[in-house]
Amino acid sequence: MRNSKYVFASAWLVLLLILFMPQHRAFAQSGEGEGPPSAAYDRILKLHPLQIGEVYFSYEKMRTERISNEFGLSYVYQGYLKSDDFLPDAVKVGGVHIRMSQRYYTSKKYDNVPFGFFHGPMFGYRFMAFEEGAFDSPFESPSDPSGRRVGRLYQNSLELSYQLGGQFKLGQHFTWEVSAALGARLKYALAKNADELLPEHIIGHTLASEPNSAIFIVPAPQLNVSVGYAF
């Protein structure tokens with residue numbers, strides 16, 4: 001489990017390097033009105049600065065005249081657990097978040113370039129290893145008189161959502177994007193001897209619970225803002 005984040009991160013870094021290799025570029029000619037520039041590229045490298053708890057980069061490429069695929073990779077440094085207050089508790093973690101999506105562009109102004117309004121499905125996988133003592137429980141201390149010792153918390157998540165948004169040019173190469181998505185996230189949490197601590201601390205509805213693991217489901221609304229460079 002501890003090495004999973006490095007395996008997934010390495011695999012996706014290799015994939016992104018392959019995608020960045022020189023390929024045939026599709027150009028779009030300016031049409032009537034405010035169409036795209038005469039040499040608008042069909043690939044965009046993006047930074048998502050408002051993603052809380054993550055450092056998130058993505059890469060989008062057109063596959064057909066109106067359809068594109070986007071691949072995203074994040075380093076996750078902060079997770080959340082239930083608290084007694086309205087807001088959840090922020091906890092230090094180490095992990096990766098992988099996203100894949102397909103976008104259908106609807107604007108007739110643009111051909112072969114990822115500009116205008118879009119919609120489509122998005123799939124994600126996230127792995128997080130929480131810091132030691134994330135539950136803040138006496139059971140996590142070796143000196144606990146009961147002899148119970150709770151292990152480190154690990155969490156795997158699968159998410160499926162549908163997104164709507166728009167992507168527009170800021171100049172010859174720079175772009176910006178705003179989108180929203182709604183879906184659900186399925187979580188698998190694992191911590192040795194955690195037992196009741198998992199349902200008490202993991203955010204979401206408990207589907208199944210065992211002494212060492214539990215499965216949860218939670219709604220996953222998302223708001224995304226990105227800036228990019230088209231090439």
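Quick note: numbers below take in every heavy atom, side chains included, and nothing from hydrogens, waters or symmetry partners.
Among residue pairs with one or both ends in residues 75-85, none qualify as salt bridge (charged side-chain N to carboxylate O under 4.0 Å, His left out); sequence neighbours excluded. Every pair tested for salt bridge (charged side-chain N to carboxylate O under 4.0 Å, His left out) that includes a residue from residues 207-218 fails, sequence neighbours excluded, so the list is empty.
Taking every heavy atom of both residues into account, Ala194 and Val150 meet most closely at CA-CG1, 4.1 Å. Residue Asp42 comes nearest to Asn112 through the heavy atom pair CB-O, 3.3 Å, listed as atom of the first residue, atom of the second, then distance. Nearest approach of Ser179 to Gln163, heavy atoms of both residues: OG-OE1, 4.1 Å. Of all heavy-atom pairs between Leu153 and Ala189, the closest is CD1-CB, 4.2 Å.
With a 4.5 Å cut-off between side-chain heavy atoms of Ile, Leu, Val, Met, Phe, Trp and Tyr, the cluster of Phe86 takes in Leu87. Chaining together hydrophobic side chains whose heavy atoms lie under 4.5 Å apart leaves Leu223 on its own. Residues Tyr105, Phe118 make up the rest of the hydrophobic cluster containing Met62, defined by ILVMFWY side-chain heavy atoms closer than 4.5 Å, directly or through other members. In the hydrophobic clustering, Tyr104 connects to Ile67, either directly or through intervening members, whenever side-chain heavy atoms lie under 4.5 Å apart.
Looking at heavy atoms from C-beta onward, Tyr154 lies out of side-chain contact with Met128 at the 4.5 angstrom threshold. Between Tyr77 and Val55, some side-chain heavy-atom pair lies under the 4.5 Å cut-off. Here the side chains of Lys187 and Asn156 are not in contact, with every heavy-atom distance at 4.5 Å or above. The side-chain heavy atoms of Thr206 and Ile215, taken from C-beta on, include no pair separated by under 4.5 Å. A 4.5 Å side-chain heavy-atom check between Ser58 and His48 finds at least one atom pair inside the cut-off. Put simply, the side chain of Pro88 reaches to within 4.5 Å of the side chain of Ile203, judged on heavy atoms. Looking only at side-chain heavy atoms (C-beta outward), Ser161 and Leu182 stay at 4.5 Å or farther from each other.
Listed for the Ser107 side chain is no donor-acceptor partner under 3.5 Å among the backbone atoms of Phe117. Here the side chain of Asn212 pairs a donor or acceptor atom with the backbone of Asn193 at under 3.5 angstrom.
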Check your understanding: Step by step, would you call Lys46 with Gln167 a side chain to side chain contact (heavy atoms under 4.5 Å, CB included)?
Key -> CA-CA 11 Å; Lys46 307 177 190 178; Gln167 186 162 250; 2.9 Å; yes
**Study point:** Intermediate values then yes/no, side chain to side chain contact (heavy atoms under 4.5 Å, CB included), Phe130 and Gln155
**Key:** CA-CA 8 Å; Phe130 286 72; Gln155 183 175 290; 3.9 Å; yes
Exercise for review: Please report the C-alpha distance between Leu186 and Leu160 in whole Å, then the side-chain angles of each, then the deciding distance to 0.1 Å, and finally whether the side chain to side chain contact (heavy atoms under 4.5 Å, CB included) criterion is met.
Suggested key: CA-CA 9 Å; Leu186 188 67; Leu160 181 62; over 6 Å; no
Review point. When you look at Phe168 and Phe115, which way does the ring pair (Phe, Tyr, Trp, His ring centres under 6.0 Å) test go after all the steps?
Key: CA-CA 5 Å; Phe168 310 96; Phe115 295 131; 8.4 Å; no
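No side-chain donor from either of His119 and Thr106 sits under 3.5 Å from a side-chain acceptor of the other. Using modelled atom types, one finds a donor on one side chain and an acceptor on the other under 3.5 Å when comparing Ser74 with Arg99. Side chain to side chain, Tyr56 and Asn224 fail the donor-acceptor criterion of an N or O pair below 3.5 Å.
Note: the hydrophobic cluster containing Val218 does not contain Leu81 (ILVMFWY, side chain heavy atoms under 4.5 Å, direct or indirect links). Cluster membership for Leu73 and Met122, using ILVMFWY side-chain heavy atoms within less than 4.5 angstrom, is not shared.
Around the OH atom of Tyr162, the shell of radius 6.0 Å holds more than 12 heavy atoms that belong to other residues, nucleotides or ligands.
Here OH of Tyr188 is found 4.0 Å from OG of Ser213. Values are rounded to the nearest 0.5 Å. Annotation: the span from Leu190 atom CG to Arg152 atom CZ amounts to 12.0 Å, rounded to 0.5 Å. To the nearest 0.5 angstrom, Ser226 atom OG is 10.0 Å from Leu50 atom CG. The OG1 atom of Thr175 sits 11.0 Å away from the OH atom of Tyr229 when rounded to the nearest 0.5 Å. If you take CD1 on Ile98 and CG on Leu158, they are separated by 10.5 Å, rounding to the nearest 0.5 Å. Taking CZ of Phe57 as the start and CG of Leu47 as the end, the distance is 5.0 Å to the nearest 0.5 Å.
Taking Gln222 as the reference, nothing meets the side chain to side chain donor-acceptor pair (under 3.5 Å) condition, with sequence neighbours excluded. Residues satisfying the ring pair (Phe, Tyr, Trp, His ring centres under 6.0 Å) test with Tyr80, not counting sequence neighbours, are none. For the side chain to side chain contact (heavy atoms under 4.5 Å, CB included) test, residues two or more places apart in sequence or in another chain that qualify with Ala214 are Leu198, Ser209, Phe216. Every salt bridge (Lys or Arg N to Asp or Glu O under 4.0 Å) that Arg103 has, sequence neighbours left out, goes to Glu60, Glu70, Glu177. Listed by chain and number, the residues in a side chain to side chain donor-acceptor pair (under 3.5 Å) with Arg185 are Glu159 (sequence neighbours excluded). Contacts of His205 classified as side chain to side chain donor-acceptor pair (under 3.5 Å), with partners at least two apart in sequence or in another chain: none.
Aromatic ring orientation, Tyr41 versus His173: parallel (interplanar angle below 30°, classes split at 30° and 60°).
Using a 4.0 Å cut-off between charged side-chain N and carboxylate O, Lys92 and Glu132 make no salt bridge.
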